[in-house]
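Heads up: the structure comes next, in structure tokens.
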Number of protein chains: 2
Amino acid sequence: MRVVTDLLPHTLRSDALDNRERILDAARALFASEGLNVPMREIARHARVGPATLYRRFPTKQALVTEAFTEQMRACHTIVDEGLADPDPWRGFRQVIERTCELHAHNRGFTEAFMSTFPDAMDFAAEREYTLNAIAKLAHRAKDTGHLRPDFVLDDLILMLMANRGIHATSTTVRVAASRRFAALVIQAFQTSPTHAPLPPVARLATAAHA
Amino acid sequence: MRVVTDLLPHTLRSDALDNRERILDAARALFASEGLNVPMREIARHARVGPATLYRRFPTKQALVTEAFTEQMRACHTIVDEGLADPDPWRGFRQVIERTCELHAHNRGFTEAFMSTFPDAMDFAAEREYTLNAIAKLAHRAKDTGHLRPDFVLDDLILMLMANRGIHATSTTVRVAASRRFAALVIQAFQTSPTHAPLPPVARLATAAHA
DNA sequence: ACCCAAACGGACGGTGGCGTCCGTTAGCGT
DNA sequence: ACGCTAACGGACGCCACCGTCCGTTTGGGT
């Protein structure tokens, strides 16, 4: 029995390739502004493509989402890497928060994709893991400088990300502005303070981040 | 022409009244655990009632939601009143935040109903207004004590509420725990601090709180 | 220039939620 | 005990979205 991949050509015809790009563009635009719940057909329409073509290129919405957001995943990657590279860990930490919040505020759909394990078994799991590990390391260093409160845990960051996605607004600009202020407040909360009363116990969200 | 209300009997038959209660119970339970997006028929099924009966009592989902959440609205009311009554405004303010977060964490649907103007023209608008005004007054007093940061604005509280609703979790207990910790962090952020860097400009969310 | 497989998209059947109609049941006043 | 009518709920038609089939078009190799 021949395997399926044997039957599929490894190079797309020019028109097919063109359509693929248009589909991805449409998907990115719609995911960003409307979230992941846009109907597949809506994406197809925006891409000036029939439904069948869309399904031919991306058999499942998963596949489309994954492909559409690789760029943003890379951006996430870059953000934490740069934060990690900063000689001042506390400043790096703050910037990671600020830039991550902004990234998510710009992209409604990306947040959904990143936060939830999605339907299930999102392909971002590995990336997500890498990112969180990097942040954990950064947080450790930031604690050593005495700027990050000692009782901070990684789940607090997830908590913050979940909270950030709760910020809806009609226009992107408003949402981004709100997100920026939110990030500033969060940083304030994470900062070591002479008056920090003990925090309530952590809730283990790391794996329970369902949508 | 006789008005509709003339034709409707002002007293329900006993079985009708019974069904009405069962519908409300089912609605409250489902709204709390699943959010407002539960299908009407699902509510009907849980109430052991035909769809027609549900629609007869509550012609629109709006009506059902409004009726189902009057209790919680009263709770909200009580929370801010008690906060306002506290001789220590800052403690009152903190408790309003804590208790509000907890209330919302317990009730997925209530948050949606309260935050968004919903489809449009939710009947809670008036209550919402009252609540926000009360909190504004409380915040003013808390600032006077020097505990609440001077650059706090009411939109920050809305921001916090929106953020709180972003906290999803499979189980209620986890969500409540997370929400509690979140509230504590938020209070930390709102507290006057020797190190408070100026916050980014506010985003006017008050009216743009769409779902 | 020709051909054929890759690629296309309109059209189809299936599912699930919606709101309403109407024939049947049963509360309650006499 | 009876009858009238409020109240019931199964069943209907509607619409949106889903994923696939299949007859037609077209890129690109010979």
Side-chain angles (χ1 to χ4, degrees), chain A residues 2-27 30-31 33-68 109 112 118-120 211, chain B residues 2-27 30-31 33-68 109 112 118-120 211:
Chain A
R2 306 179 60 184
V3 211
V4 182
T5 49
D6 282 354
L7 300 171
L8 290 175
H10 285 209
T11 93
L12 288 166
R13 229 168 64 178
S14 69
D15 54 343
L17 203 85
D18 188 48
N19 281 337
R20 200 188 120 93
E21 280 316 308
R22 289 220 311 287
I23 289 172
L24 279 173
D25 285 346
L30 288 173
F31 285 156
S33 58
E34 312 289 329
L36 296 186
N37 280 337
V38 283
M40 286 295 249
R41 294 184 131 69
E42 179 92 358
I43 297 173
R45 239 168 292 149
H46 260 75
R48 318 291 223 92
V49 151
T53 300
L54 174 51
Y55 282 110
R56 195 174 309 112
R57 287 301 148 241
F58 306 94
T60 158
K61 191 178 254 184
Q62 285 281 345
L64 181 54
V65 168
T66 307
E67 191 68 21
E112 294 177 45
F118 200 27
D120 33 3
Chain B
R2 307 179 60 183
V3 212
V4 183
T5 50
D6 282 353
L7 300 171
L8 290 175
H10 285 211
T11 92
L12 289 165
R13 229 168 66 179
S14 68
D15 55 343
L17 203 84
D18 187 48
N19 280 338
R20 199 187 120 92
E21 281 316 309
R22 287 221 312 286
I23 289 173
L24 279 174
D25 284 347
L30 288 173
F31 285 156
S33 59
E34 311 289 328
L36 296 186
N37 281 336
V38 282
M40 286 295 250
R41 293 183 132 69
E42 179 92 358
I43 297 173
R45 238 166 294 148
H46 260 76
R48 318 290 222 92
V49 150
T53 299
L54 174 50
Y55 282 110
R56 195 174 310 113
R57 289 300 148 242
F58 306 94
T60 157
K61 191 179 253 185
Q62 284 281 344
L64 181 54
V65 169
T66 307
E67 191 69 19
E112 294 177 44
F118 199 28
D120 35 2

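Computed from heavy atoms alone, side chains included, the values below leave out hydrogens, waters and symmetry copies. Just so we're on the same page: letters track the sequence lines, and every chain starts at 1.
- Going from atom NZ of A:Lys61 over to atom P of D:dC17 covers 10 Å, rounded to whole Å.
- Atom CG in B:Leu12 sits roughly 6 Å away from atom P in D:dA7 (whole-Å rounding).
- Going from atom CZ of A:Arg22 over to atom P of C:dA7 covers 15 Å, rounded to whole Å.
- Rounded to an integer number of Å, the gap from CZ of B:Arg20 to P of D:dC8 is 12 Å.
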Margin query: side-chain contact (heavy atoms from CB on, under 4.5 Å), that's the test. Do B:Met40 and B:Leu64 meet it? Break it down for me.
Written below: CA-CA 10 Å; B:Met40 286 295 250; B:Leu64 181 54; 4.3 Å; yes
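- A salt bridge links A:Arg20 with A:Glu67: the closest approach of a Lys/Arg side-chain nitrogen to an acidic carboxylate oxygen falls below 4.0 angstrom.
- If you measure from atom CG of B:Leu17 to atom P of D:dA7, you get 10 Å, rounded to the nearest angstrom.
- For the residue pair B:Pro51 and B:Arg41, the shortest heavy atom distance occurs at CG-NH2, 3.8 Å.
- Set against C:dC18, C:dA7, D:dG19, the side chain of A:Met40 has D:dG19 as its closest nucleotide.
- Checking C:dG27, D:dT20, D:dC12 against every side-chain atom of A:Tyr55, the shortest atom distance belongs to D:dT20.
- Contact between B:Val49 and B:Arg22 at its shortest, heavy atoms only, is CG2-NH2, 4.0 Å.
- Nearest heavy atom pair, residue A:Ile43 against residue A:Ala26, reads O-CB, 3.8 Å.
- Atoms CZ (A:Arg56) and P (D:dC22) sit 14 Å apart, rounded to a whole Å.
- For the pair A:Thr53 and B:Ser14, nearest-nucleotide mapping onto DNA chain C gives the more 5' position to A:Thr53.
- Atom CZ of A:Arg57 is separated from atom P of C:dA7 by 5 Å (rounded to the nearest Å).
- Counting to the nearest Å, the C1' atom of C:dG9 and the CD1 atom of A:Ile23 are 12 Å from each other.
- Interface residues of residues 42-52 of chain B facing DNA chain D, ordered by number: B:Arg48, B:Val49, B:Gly50, B:Ala52; criterion, heavy-atom separation under 4.0 Å.
- Between B:Arg41 and B:Asn19, the residue anchored nearer the 5' end of DNA chain D, judged by the nucleotide with its closest heavy atom, is B:Asn19.
- When all heavy atoms of B:Arg57 and B:Ala16 are compared, the pair lying nearest together is NH2-CB, 3.5 Å.
- Rounding to the nearest 0.5 angstrom, the gap separating the CG atom in B:Asn37 from the CD atom in B:Glu42 is 12.0 Å.
- Counting distance only, with no hydrogens placed and no angle test, the side-chain atoms of A:Arg13 and the base atoms of D:dG29 include no donor-acceptor pair under 3.5 Å.
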